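The shown structure was predicted, so the numbers you read here are calculated from the model rather than taken from an experiment. Throughout, a chain's letter reflects where its sequence line sits, starting with A, and its residues are numbered from 1.
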There are 4 protein chains.
Amino acid sequence: MIAPAPPANHEPDPRRRDARVHRAILEATVELLESGGYKRLTIEAIAARAGVGKQTIYRWWPSKAAVVMEAYIAAGLERVPEPDTGNLSEDLRAILVPVFRWNAAYHRGTALANKSMMAEAQINPVFHETYVQLHRSWWGPLHHVLERAKERGELRPDADSGALIDLMLGASWYRLLLEHAPLDERFAEVVIATVVNGNRPR
Amino acid sequence: MIAPAPPANHEPDPRRRDARVHRAILEATVELLESGGYKRLTIEAIAARAGVGKQTIYRWWPSKAAVVMEAYIAAGLERVPEPDTGNLSEDLRAILVPVFRWNAAYHRGTALANKSMMAEAQINPVFHETYVQLHRSWWGPLHHVLERAKERGELRPDADSGALIDLMLGASWYRLLLEHAPLDERFAEVVIATVVNGNRPR
Amino acid sequence: MIAPAPPANHEPDPRRRDARVHRAILEATVELLESGGYKRLTIEAIAARAGVGKQTIYRWWPSKAAVVMEAYIAAGLERVPEPDTGNLSEDLRAILVPVFRWNAAYHRGTALANKSMMAEAQINPVFHETYVQLHRSWWGPLHHVLERAKERGELRPDADSGALIDLMLGASWYRLLLEHAPLDERFAEVVIATVVNGNRPR
Amino acid sequence: MIAPAPPANHEPDPRRRDARVHRAILEATVELLESGGYKRLTIEAIAARAGVGKQTIYRWWPSKAAVVMEAYIAAGLERVPEPDTGNLSEDLRAILVPVFRWNAAYHRGTALANKSMMAEAQINPVFHETYVQLHRSWWGPLHHVLERAKERGELRPDADSGALIDLMLGASWYRLLLEHAPLDERFAEVVIATVVNGNRPR
DNA sequence: GTATAATCGAGACGGTACGTCTTGTCTTCGA
DNA sequence: TCGAAGACAAGACGTACCGTCTCGATTATAC
């Protein structure tokens, strides 16, 4: 009559995860988001489209936006380059141009996902944290680039790296979210030039 | 009794709008938003708190976000200053510092409303248009300030005003939305200094 | 400083009633009932169709069914014949055949109104009373006819007139309400013959 | 996961129906109907009283009236006796007395439900069909009783059974709906005696 | 190899909020 | 000064999703 282990709330065992099911969910998410926007992207719709039970989604992801995040982003976006060309503008370009490019097509793919996640983050505090993590993956490389530029004398040593990073990424997200002007390379050049020229040592 | 005019989908007659009801709805919206955030802000809750029928809200506003917009914004946010001090930094400061200040308290008041509206704009295309209008009310004055600075020779004549505006407002909204760093005056100064110094005539 | 007459809740002054408006409402009611059935007959629809304010209807009638009653019924239904042919069957026929005829066309006119009123009477207790009054206009003449038949020796003197009346009118309304069999003269004859033969003196 | 079968409008699977929930809904319906009448009987109230989501009701019943019908009827009302005593009056009594008794207490229980259903049937054509089915459950046994009486020579062979049935049930429903006189056994006796005596073979 | 146990599809369930509809009262405006 | 027009509070409607839960039917590990 030894007490059996309490049933408890099992964390699901990742080894038993069905890879085909996993893939089907991510694919359904992409299809729905691109065809109908975030409004139409419901857990029910994903489950139906993927031919999957709702519980299977809830088992593996904490929120709808987390599915979107994995479906679109984690696959490639967090692989941020860590350039070190010896030239500040060049380094910034290496990091920012892919970001601008991903976000350029406002109504499709990564851009749509990014907007959706930003919206969800404003509504769902738990997801907000996760989403900030994603942005951190840009902040790190950008920070290194800026600090090295200070060491090389390309940037004022007292420049506020954090503020400059927000200036550059903010510019990108502002256009992404409002869609009032194109997120093209010309814009990227203005952003980079302004930051670099605006913070040269005297 | 005479010609039974075909029913048609009447726009309601604004002259017949009950001012007290109008005010009660906006006040209830502010109270709910500040106490519970956008997630808890439902049309049902607004109606209950304001002592109003739901239909009355649907009659006058096309979406929840439109109510929020009017509740928070029409009150004062669109009154953007049009400074002309003869000094670019000074002019930018006059416009941007109030914006930064409004958005500084991330979890209350205007900031909460701004985040809510940005989120809704990503989900609801109709509201997106309305919301961009709000931002336009900053773009105009900033554009004038930058153009005058070009005339005075404080700014390179070929500087891309639109891009610089997005750089400055983007910085503000990026911190508002991610909340990873304070929207304080120090940040405002970095933003302004970078834009001004980064685009001086050679 | 004599106290002015208190404003009070005016009973409407019947002298000021606008006859054209009155007629328009009744006509609209008939048209709507015949075209869409009782379900579609709403106060709003009557008002719209008659080109009349809703208040005007509420001012003069206590319920929707009261409008129907006036629109259809008072026009002719309460003019029940008071036959005295010296023959019971003949007398009953004189009263019942018009009733059967009115109710025969299940989906139009008087029949529709009768069904509507019976339904409303089950839901609205105030109207129930009014509606019973309408039925009383048949009970009176039928009662006289039966009593005279007792005097003439055509009917058992202890026959329960009330019960016999309910038997005859009940038969009619049962078919009206369920529509499972025709309300024709053959049925009327069976009803009359059964009542007359079933209650002859021994 | 394999073929994403097109969604289609699933009928729910009756095997998965939760019996306790089913019962709770029917009980809540009876309680509400008996206490407040059909007017107060709303789907929302049933759901609240039963501690059930509204969707659960809409999933299993096509209309409020269908719930009422099942709640009251399936419970016992459709178990109509099939007497065969060899005596017509006796047989009719066996069938009709229970009907009269159920309907006798005009403002409570079964009587209230019956009136409500009759009203709904006049407004809702779909329910009308369902409701007629309920009455059929009396017509069948009454028809057999009358036909056997013809064979035994108690009834004229050319008597119109359908008409006689409507005469008897109509009498009952007429009093039920108008409430102007009691639905007691005396009335039942008059009804039965009139039908039997009124259609004896010559 | 066989039990054991978890995942899976499916979808019922209690809820919340949606946006619409109708009721009966109250208010405004025009004739 | 009255009535048409319609705004208003109230509240039920039927729908859409939410996130949890229970069912068998597969798997797939672990014994």
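Taking the ring-ring contact (aromatic ring centres under 6.0 Å, His included) definition, one finds that A:Tyr38 meets it with nothing, sequence neighbours left out.
Phosphate contact (OP1/OP2 of E:dA6, side-chain N/O of A:Trp60, threshold under 4.0 Å): absent.
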Would you give a per-nucleotide map of nucleotides 22-31 of chain E, 5' to 3', where B means the base has a protein non-hydrogen atom under 4.0 Å away, S means only the sugar-phosphate does, and - means neither?
-BBBBB--S-
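Side-chain contact between B:Ile25 and B:Trp60: absent, with no pair of heavy atoms (C-beta onward) separated by less than 4.5 Å. Proximity of D:Leu134 to D:Met117: side-chain heavy atoms (C-beta onward) are separated by under 4.5 Å at one or more points. Considering only heavy atoms from C-beta on, A:Ser63 stays 4.5 Å or farther from A:Val126 through its side chain. Considering only heavy atoms from C-beta on, D:Leu33 comes within 4.5 Å of D:Ser116 through its side chain. Using a 4.5 Å cut-off on side-chain heavy atoms (C-beta onward), B:Leu32 and B:Arg40 make no contact. For the pair A:Tyr58/A:Ile43, a side-chain contact is recorded, criterion being any heavy-atom separation below 4.5 Å from C-beta on.
Computed from coordinates, the A:Arg59 CZ to E:dA5 C1' distance equals 13 Å when rounded to whole Å. Rounding to whole angstrom units, CZ of residue A:Arg17 and P of E:dC8 are separated by 8 Å. A straight line from CD1 of A:Ile123 to C1' of E:dA17 spans 14 Å, rounded to a whole angstrom. Rounded to whole Å, the distance from CZ on A:Arg40 to P on E:dC18 is 19 Å. Distance B:Ile46 CD1 to E:dT16 C1': 15 Å, rounded to the nearest Å. At whole-Å resolution of the value, CG in A:Asn124 and C1' in F:dC17 are 15 Å apart. We find that CD1 of A:Ile57 is positioned 11 Å from P of F:dG19, with the value rounded to whole Å.
If you find the closest nucleotide of DNA chain E to D:Ala50 and to A:Pro14, the one lying nearer the 5' end belongs to A:Pro14.
Applying a 4.0 Å cut-off to non-hydrogen atoms, none of the residues of residues 21-35 of chain B approaches DNA chain E.
Within 6.0 Å of CZ in A:Arg59 there are more than 12 heavy atoms belonging to other residues, nucleotides or ligands. Atom CD of C:Gln133 has more than 12 neighbouring heavy atoms from other residues, nucleotides or ligands inside a 6.0 Å radius.
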